[in-house]
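For reference, the structure discussed in these notes is given below.
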Amino acid sequence: MFSKKTICFVTGSSRGLGESIALKFACKLPPGSVIVLLARSKDDLDNVKKRLLQESPHVVAVALCFNQSSQDQEHFRAVFSQTLESVSAKVTDFQQAVLVNNAGTVKPVVFVRNLPDVRELTEYLNINVSGVIALTSEFLKFFPSLSGLSRVIINTSSLAAVQPFKSWAMYCSGKAARDMFFKTVAMEEEDLRVLSYSPGPVETAMTDAIITSEDEGVRSWAKNAKAEKSLLTCDTSINKLVQILEKNVFESGARIDYFDEI
């Protein structure tokens, strides 16, 4: 994967796992590749872009403000058209197109009986499910199956996609929906490589959100893991993702956990 001139889009790349993905991929990809940083905070994106170019001056970096909860389809379509316009390139200038669906949220971490009203629930699903689907659909339209063009989609999954946790009904449901969506994409697009990667227990801003859980067991686990420094770093987890992609023996549509043997 990392030997091809690539245009790579990473959502949620202003911090945490997304930032680590962008930086790790950039240093691996060949000269002329383009890394597109997508997140809501312009200042944070600019900081990541600056660091990326310092560490990997051989690639081109583009930072675009992106709201995954948008209800405007043009917002998703413009991610790809604006990027190519900004770097004065066309699809056929690249050997590979990659989309990393990393952006997501965890709150509300409350029992189902205490969930907020339908407007907030809809907003949650817009960010974590609908926006992912919309962006992926536009990616497949913009980078269709072409001779010589490799396509890869990576979905940041979670243990919560396959195991329920008290107070995580929304998070578990969103992650499970995403995993099944990408299994379907893999079946439909036979020449596309699709991977759902579960990064393991990583210390990110989400850890602080989990500490506010209404469930005592979940809350205690998060507090203890943080206090004992037993959580993985983002870089440690993404190094494993890079190894999985370099080995490239997974079945398209598969879900692979950080702790799985590869």
Side-chain angles (χ1 to χ4, degrees), residues 11-21 39-40 67-69 100-136 153-185 194-234 236-238 240-241 253-260:
T11 68
S13 50
S14 61
R15 61 181 180 177
L17 286 168
E19 177 181 4
S20 184
I21 290 168
R40 287 177 291 183
N67 177 11
Q68 196 160 275
S69 68
V100 184
N101 282 294
N102 168 72
T105 59
V106 63
K107 285 185 174 181
V109 281
V110 299
F111 298 131
V112 172
R113 62 178 175 269
N114 296 325
L115 284 170
D117 66 30
V118 68
R119 289 170 297 181
E120 291 188 44
L121 298 181
T122 300
E123 175 73 3
Y124 183 90
L125 292 172
N126 286 342
I127 295 171
N128 294 281
V129 181
S130 299
V132 173
I133 292 171
L135 186 65
T136 300
I153 294 180
I154 300 163
N155 166 49
T156 299
S157 184
S158 169
L159 178 61
V162 295
Q163 180 176 323
F165 292 90
K166 291 179 181 179
S167 77
W168 284 19
M170 295 303 295
Y171 187 69
C172 291
S173 299
K175 288 297 187 182
R178 283 168 61 149
D179 276 18
M180 184 53 70
F181 171 75
F182 285 108
K183 285 180 181 292
T184 306
V185 171
V194 181
L195 172 67
S196 286
Y197 175 64
S198 179
V202 180
E203 181 161 13
T204 66
M206 284 191 179
T207 310
D208 295 327
I210 293 169
I211 289 174
T212 68
S213 168
E214 283 192 341
D215 182 69
E216 183 179 355
V218 170
R219 197 166 58 243
S220 296
W221 171 83
K223 286 181 178 178
N224 292 338
K226 190 167 184 177
E228 296 167 4
K229 301 186 184 301
S230 61
L231 297 169
L232 300 169
T233 67
C234 291
T236 297
S237 180
I238 300 309
K240 178 66 174 282
L241 172 60
R255 176 188 173 278
I256 300 179
D257 191 275
Y258 171 82
F259 294 105
D260 291 342

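Computed from heavy atoms alone, side chains included, the values below leave out hydrogens, waters and symmetry copies.
- One distance of note links OG1 of Thr184 with CG of Asp179; it measures 10.5 Å at 0.5 Å rounding.
- Using a 4.5 Å heavy-atom threshold, the side chains of Val162 and Lys175 count as separate.
- Looking only at atom types and distance, the side chain of Asn102 has no donor-acceptor partner in the side chain of Thr11 under 3.5 Å away.
- Under the side chain to side chain donor-acceptor pair (under 3.5 Å) criterion, Asn114 pairs with Glu214, sequence neighbours left out.
- Here the closest non-hydrogen pair linking Val106 and Ala209 is CG1-CB, 3.4 Å.
- Remark: the backbone N or O of Met180 is not paired with any side-chain donor or acceptor of Arg255 at under 3.5 angstrom.
- In this structure, Glu120 and Asp117 have side chains that are in contact, with non-hydrogen atoms separated by less than 4.5 Å.
- In this structure, Tyr171 and Trp168 have perpendicular ring planes: the angle between them is above 60°, well past the 30° mark.
- Residues Phe165 and Leu159 form a side-chain contact, since some pair of their non-hydrogen atoms from C-beta on lies under 4.5 Å apart.
- Judged by distance alone, with hydrogens and angles left aside, the side-chain atoms of Lys240 form no donor-acceptor pair with the main-chain N or O of Gly200 at under 3.5 Å.
- Taking all atoms of both residues into account, the shortest heavy-atom contact from Arg178 to Asn101 is NH2-O, 2.8 Å.
- Here the NZ-OG distance, from Lys183 to Ser196, works out to 7.0 Å after rounding to the nearest 0.5 Å.
- Side-chain contact between Thr233 and Glu203: absent, with no pair of heavy atoms (C-beta onward) separated by less than 4.5 Å.
- For Lys226 and Asp208, the salt-bridge test passes: some basic side-chain N is under 4.0 Å from an acidic carboxylate O.
- Remark: Arg15 CZ to Ser20 OG distance equals 14.5 Å, nearest 0.5 Å.
- Using modelled atom types, one finds a donor on one side chain and an acceptor on the other under 3.5 Å when comparing Asp257 with Ser198.
- For residues 123-132, the pairs satisfying side-chain hydrogen bond (donor to acceptor under 3.5 Å, both in side chains) are Ser69-Glu123, Gln71-Asn126, Thr105-Asn128, with sequence neighbours left out.
- Here the straight-line distance linking atom CD1 of Ile153 with atom CZ of Phe182 works out to 6.0 Å at 0.5 Å rounding.
- Considering only heavy atoms from C-beta on, Glu19 stays 4.5 Å or farther from Ser13 through its side chain.
- For the pair Ile210 and Val218, the minimum side-chain heavy-atom distance is below 4.5 Å.
- Residue Glu216 places its CD atom among 12 or fewer non-hydrogen atoms of other residues, nucleotides or ligands, all under 6.0 Å distant.
- At distances below 3.5 Å, at least one donor-acceptor pair connects side-chain atoms of Thr207 with backbone N or O atoms of Thr204.
- Ser237 places no side-chain N or O within 3.5 Å of a backbone atom of Cys234 that could act as its donor or acceptor partner.
- Note that CG of Leu195 and CG of Leu241 are 6.5 Å apart. Values are rounded to the nearest 0.5 Å.
- Using a 4.5 Å cut-off on side-chain heavy atoms (C-beta onward), Phe181 and Asn155 make no contact.
- For Arg219, the CZ atom sits in a packed shell: over 12 heavy atoms of surrounding residues, nucleotides or ligands are nearer than 6.0 Å.
- Looking only at side-chain heavy atoms (C-beta outward), Ser14 and Arg40 stay at 4.5 Å or farther from each other.
- Between Asp215 and Lys166, the closest heavy-atom pair is OD1-CD, 3.2 Å.
- Minimum heavy-atom separation, Pro201 to Trp221: CB-CZ2, 4.0 Å.
- Checking side-chain atoms of Asp260 against main-chain N and O of Ile256 turns up no donor-acceptor pair under 3.5 Å.
- Here the shortest heavy-atom pairing between Gln68 and Ala103 reads NE2-O, 3.5 Å.
- The CG atom of Leu232 sits 9.5 Å away from atom CG of Leu17, with the distance rounded to the nearest 0.5 Å.
- Ile127 approaches Val132 most closely through the heavy-atom pair O-CG2, 4.2 Å.
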Practice problem: Could you please spell out the steps behind the side-chain contact (heavy atoms from CB on, under 4.5 Å) verdict for Ser167 and Val109? | Solution: CA-CA 5 Å; Ser167 77; Val109 281; 4.2 Å; yes
